[in-house]
Protein chains: 2
Amino acid sequence: MRPEHKNVPALPAGPHLDSDCRGAASVLARVGDKWSVFVIMMLGDGPKRFNEIKRMIGGISQRMLTLTLRGLERDGLVTRTVFPTIPPRVDYELTDLGRGLSAPVKALGTWAIEHQPEIQRARMKFDARNDNA
Amino acid sequence: MRPEHKNVPALPAGPHLDSDCRGAASVLARVGDKWSVFVIMMLGDGPKRFNEIKRMIGGISQRMLTLTLRGLERDGLVTRTVFPTIPPRVDYELTDLGRGLSAPVKALGTWAIEHQPEIQRARMKFDARNDNA
DNA sequence: CAGGATCCACACGGATACTG
DNA sequence: CAGTATCCGTGTGGATCCTG
């Protein structure tokens with residue numbers, strides 16, 4: 001067991017970057033994770049079931065969703081509730097900690113959506129300049 | 001040329017996730033990038049030179065820093081200014097767009113630092129429960 | 001339905017050497 | 001100093017098949 005989990009490496013070793021920053025790195029790694037961000041946003045408005053989340057996100061494999069949810073659970077950001085029914089049902093919900101995080105994450109998401117066009121234009125221009133290939 | 005650049009895949013194809021979200025994904029991918037986040041934070045207080053940034057961050061290889069800066073430049077988040085002196089000198093600075101982004105990013109960083117202990121405790125507990133290995 | 005197990009590709013990222 | 005070029009290990013993540 002214990003193979004993947006999302007590795008949370010914590011920067012190598014350098015005596016650089018004050019330790020707060022280094023510890024924060026592993027947290028940012030989770031937040032920085034594309035899928036984690038999406039899941040947190042999806043869970044923003046109430047608990048959801050596994051396949052429900054999967055459908056909402058769309059491009060994610062069940063493997064990645066499982067791994068992502070496991071990671072978020074590990075970090076105390078979401079709770080996993082199993083209903084021992086047939087067929088089984090599992091609900092995922094943000095914890096208080098998770099809800100706290102969802103605020104800054106949403107801010108980021110909002111920013112991303114708002115400025116997406118500018119960024120895409122910047123990319124086009126940049127690529128155009130360097131694409132003599 | 002044009003080998004890496006940070007791939008910006010934009011989710012596969014699924015007719016899921018409203019298109020705003022899908023476009024935002026590629027933006028979040030940049031923000032989600034660990035190194036990009038650090039660089040943006042470093043550049044938060046004024047322009048910096050290449051090796052200056054490298055030293056401040058510490059754990060990054062010059063390759064990754066180059067790639068990261070290239071990506072940020074491509075997205076119109078930082079400007080690259082070359083002084084044709086000997087030895088050469090290159091300054092990197094946040095654009096207005098970049099400065100706009102640095103706000104939410106800092107918010108996230110702050111959150112990460114503040115709640116890092118809770119998260120680490122959550123991880124310990126989680127690992128303790130499942131580590132019968 | 002929710003997810004564990006496996007196989008596999010390939011992009012990411014480190015180390016090193018070389019250049020303007 | 002600020003890169004580029006190359007080699008190469010490995011984590012990440014998709015696809016597929018199987019179970020309670």
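Note that the coordinates shown come from a computational prediction; the quantities given were computed from them, not determined experimentally. Just so we're on the same page: letters track the sequence lines, and every chain starts at 1.
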Tell me: NZ of B:Lys54 to P of D:dG3, nearest whole Å?
12 Å
Nucleotide D:dG3, atom P - distance to CD1 of B:Ile86 in whole Å:
16 Å
CD of B:Glu73 to OG1 of B:Thr66: how many Å apart, nearest 0.5 Å?
11.5 Å
Pick one: which of A:Lys34, A:Arg123, A:Gln116 meets side chain to side chain contact (heavy atoms under 4.5 Å, CB included) with B:Ser26?
A:Arg123
Quick note, B:Thr66 side chain, CB onward, closest among C:dG4, C:dG13, D:dG3 is D:dG3
Close side-chain approach of B:Val105 and A:Trp111, heavy atoms under 4.5 Å
no
Categorize A:Tyr92 for me: base, sugar-phosphate, or nothing, with a 4.0 angstrom heavy-atom threshold over every strand shown.
sugar-phosphate
Only pairs under 3.5 Å count here: list side-chain donor-acceptor contacts from residues 80-90 of chain B, not counting sequence neighbours, and write none if there are none.
residue	atom	partner	partner atom	Å
B:Arg80	NH1	B:Tyr92	OH	3.4
B:Thr85	OG1	B:Pro87	O	2.8
B:Arg89	NE	B:Asp91	OD1	3.2
B:Arg89	NH2	B:Asp91	OD2	3.4

Would you list the protein and nucleotides 15-20 of chain D atom pairs, both N or O, that sit under 3.5 Å from each other?
residue	atom	partner	partner atom	Å
D:dT16	O4	A:Gln62	NE2	3.1

If I take atom CZ in residue A:Phe50 and atom P in nucleotide C:dC1, what distance separates them, rounded to the nearest angstrom?
11 Å
Between side-chain atoms of residues 95-103 of chain A and protein atoms elsewhere (two or more places apart, or another chain), which donor-acceptor pairs fall under 3.5 Å?
residue	atom	partner	partner atom	Å
A:Thr95	OG1	A:Gly76	O	2.7
A:Thr95	OG1	A:Leu77	O	3.2
A:Thr95	OG1	A:Leu97	N	3.3
A:Thr95	OG1	A:Gly98	N	3.0
A:Asp96	OD1	A:Arg99	NH2	2.7
A:Arg99	NH1	A:Leu94	O	3.0
A:Ser102	OG	A:Arg99	O	3.1

Judged by each residue's nearest nucleotide on DNA chain D, which is more toward the 5′ side, B:Arg49 or A:Ile60?
B:Arg49
Rounded to whole Å, the CD1-C1' distance (B:Ile53 to D:dC1) equals 13 Å
Atom-pair distance (CE on B:Met64; P on D:dG11), nearest Å:
16 Å
Taking all non-hydrogen atoms of both residues, which atom of B:Gln62 and which atom of B:Phe50 are closest, and how far apart?
O-CZ, 3.8 Å
To the nearest angstrom, the CG-P distance between B:Leu65 and C:dA15 comes to 14 Å
Could you check how far CD of A:Glu52 sits from P of C:dA2, rounded to whole Å?
9 Å
Shortest non-hydrogen contact from A:Lys106 toward A:Gly44
NZ-CA, 4.3 Å
Whole angstrom is fine here: how far is it from NZ in A:Lys34 over to P in C:dC12?
11 Å
